[in-house]
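Count residues from 1 along the sequence. Counting convention: from 1, in listed order, for ligands and their atoms alike.
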Amino acid sequence: MTDSAERKMQFLFALRSKGVTDARVLTAMETTDRRDFIPGGVFATRAYEDMPLPIACGQTISQPSVVGLMTQALNPQPRDKVLEVGTGSGYQAAILTRLARRVYTVERHRRLVTEARANFQRLDLTNVTVMLGDGSHGLPEQAPFDRIIVTAAAEDPPGPLLAQLRQGGIMVVPVGQSDTVQRLIKVTRSPHGFEYDELRPVRFVPLVEGLGKD
Ligand code: SAH
């Protein structure tokens with residue numbers, strides 16, 4: 001077996017051992033090379049390790065097992081329209097493009113928007129749209145969404161996002177103070193209101209208001 005094939009097998013094994021067992025999610029992650037979303041340099045060789053890594057603008061590309069567990073909890077379906085808040089590198093969004101019909105992803109740093117857009121073009125991912133903006137307001141012009149995933153930590157699930165979730169829809173969001181361990185929450189919208197399930201502790205960069213300066 002080649003080195004890269006072996007690394008990828010280990011990558012999938014690590015995902016499974018951390019509880020990512022959904023076959024569709026594993027396939028989507030197998031076909032989305034994390035290396036494509038990590039800027040060149042010292043960290044490129046660590047693309048297949050199960051750890052967050054730094055990207056531009058002081059942000060991070062999330063840990064693969066956390067990406068897998070969040071995607072599994074989100075449970076996107078082939079006809080779904082999905083909103084992601086916090087594009088970062090575009091890795092999570094790229095995985096979602098393989099599981100849903102349409103993905104909108106919002107990022108507050110212009111540089112990350114440009115880089116993620118270039119990545120999607122290079123990889124020929126055409127069912128994703130990246131937008132510059134403060135994603136805590138959601139994307140009213142595209143609402144409602146079947147699924148919403150927030151990849152930065154909010155103190156509470158943002159009201160505008162709850163409002164833009166379709167009946168029967170699911171939102172996954174890390175909740176808590178930014179400098180501590182946060183709780184990953186799954187919100188399901190039913191005819192009777194919102195149901196909240198606490199999934200696991202996580203650690204994300206904070207959801208910040210307004211646009212970044214770069
Ligand atoms: N999903 C990303 C990881 C995101 S890190 C990936 O797969 O690589 C969290 C990202 O959320 C950062 O890029 C940060 O700039 C962005 N972010 C924080 N607050 C935001 C907001 N209010 N609106 C949009 N993006 C935000």
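- For ligand 1 and I61, the ligand atoms under 4.0 Å from any heavy atom of the residue are 8 (O).
- Checking N119 against Q121 by side-chain atom types alone, no donor-acceptor pair falls below 3.5 Å.
- Residues R98 and T32 have side chains that bring a donor and an acceptor to within less than 3.5 angstrom of each other.
- In the model, Y48 has a side-chain atom that pairs as donor or acceptor with a side-chain atom of D33 under 3.5 Å.
- For G133, the closest heavy-atom approach to ligand 1 falls below 4.0 Å.
- Backbone and side-chain nitrogen or oxygen atoms of L112 are examined, and none is located within less than 3.5 angstrom of a nitrogen or oxygen of ligand 1.
- Atom 15 (O) of ligand 1 has its nearest heavy-atom neighbour, among M131, R108, E107, in E107.
- Between F37 and F120, the ring-plane angle classifies as tilted under the 30° and 60° cut-offs.
- For the atom pair CZ (R102) and CG (D80), the distance works out to 13.5 Å, reported to the nearest 0.5 Å.
- Contact annotation for V205 and ligand 1: only side-chain heavy atoms (C-beta onward) come within less than 4.0 Å of the ligand.
- The residue among M70, Q59, E84 with a heavy atom at the shortest distance from atom 14 (C) of ligand 1 is Q59.
- Here the closest non-hydrogen pair linking G133 and V106 is O-CG1, 3.5 Å.
- Listed by number with element, the atoms of ligand 1 under 4.0 Å from a non-hydrogen atom of P206 are 18 (C), 19 (N).
- Remark: ligand 1 atoms within the under-4.0 Å shell around heavy atoms of G135 are 21 (C), 22 (N), 23 (N), 24 (C).
- Taking any N or O of V208, backbone or side chain, at least one lies under 3.5 Å from an N or O belonging to ligand 1.
- Scanning all heavy atoms of the two residues, the minimum distance from D146 to K81 falls at OD2-N, 2.7 Å.
- Close contacts between ligand 1 and Q92 involve ligand atoms 1 (N), 7 (O) [criterion: under 4.0 Å to a heavy atom].
- Note: an N/O pair closer than 3.5 Å links G86 and ligand 1 by distance alone.
- The distance from ligand 1 to the heavy atoms of D134 drops below 4.0 Å at these ligand atoms: 21 (C), 22 (N), 23 (N).
- The side-chain tip of R7 does not point at the ring of F11 from less than 6.0 angstrom away and within 45° of straight on.
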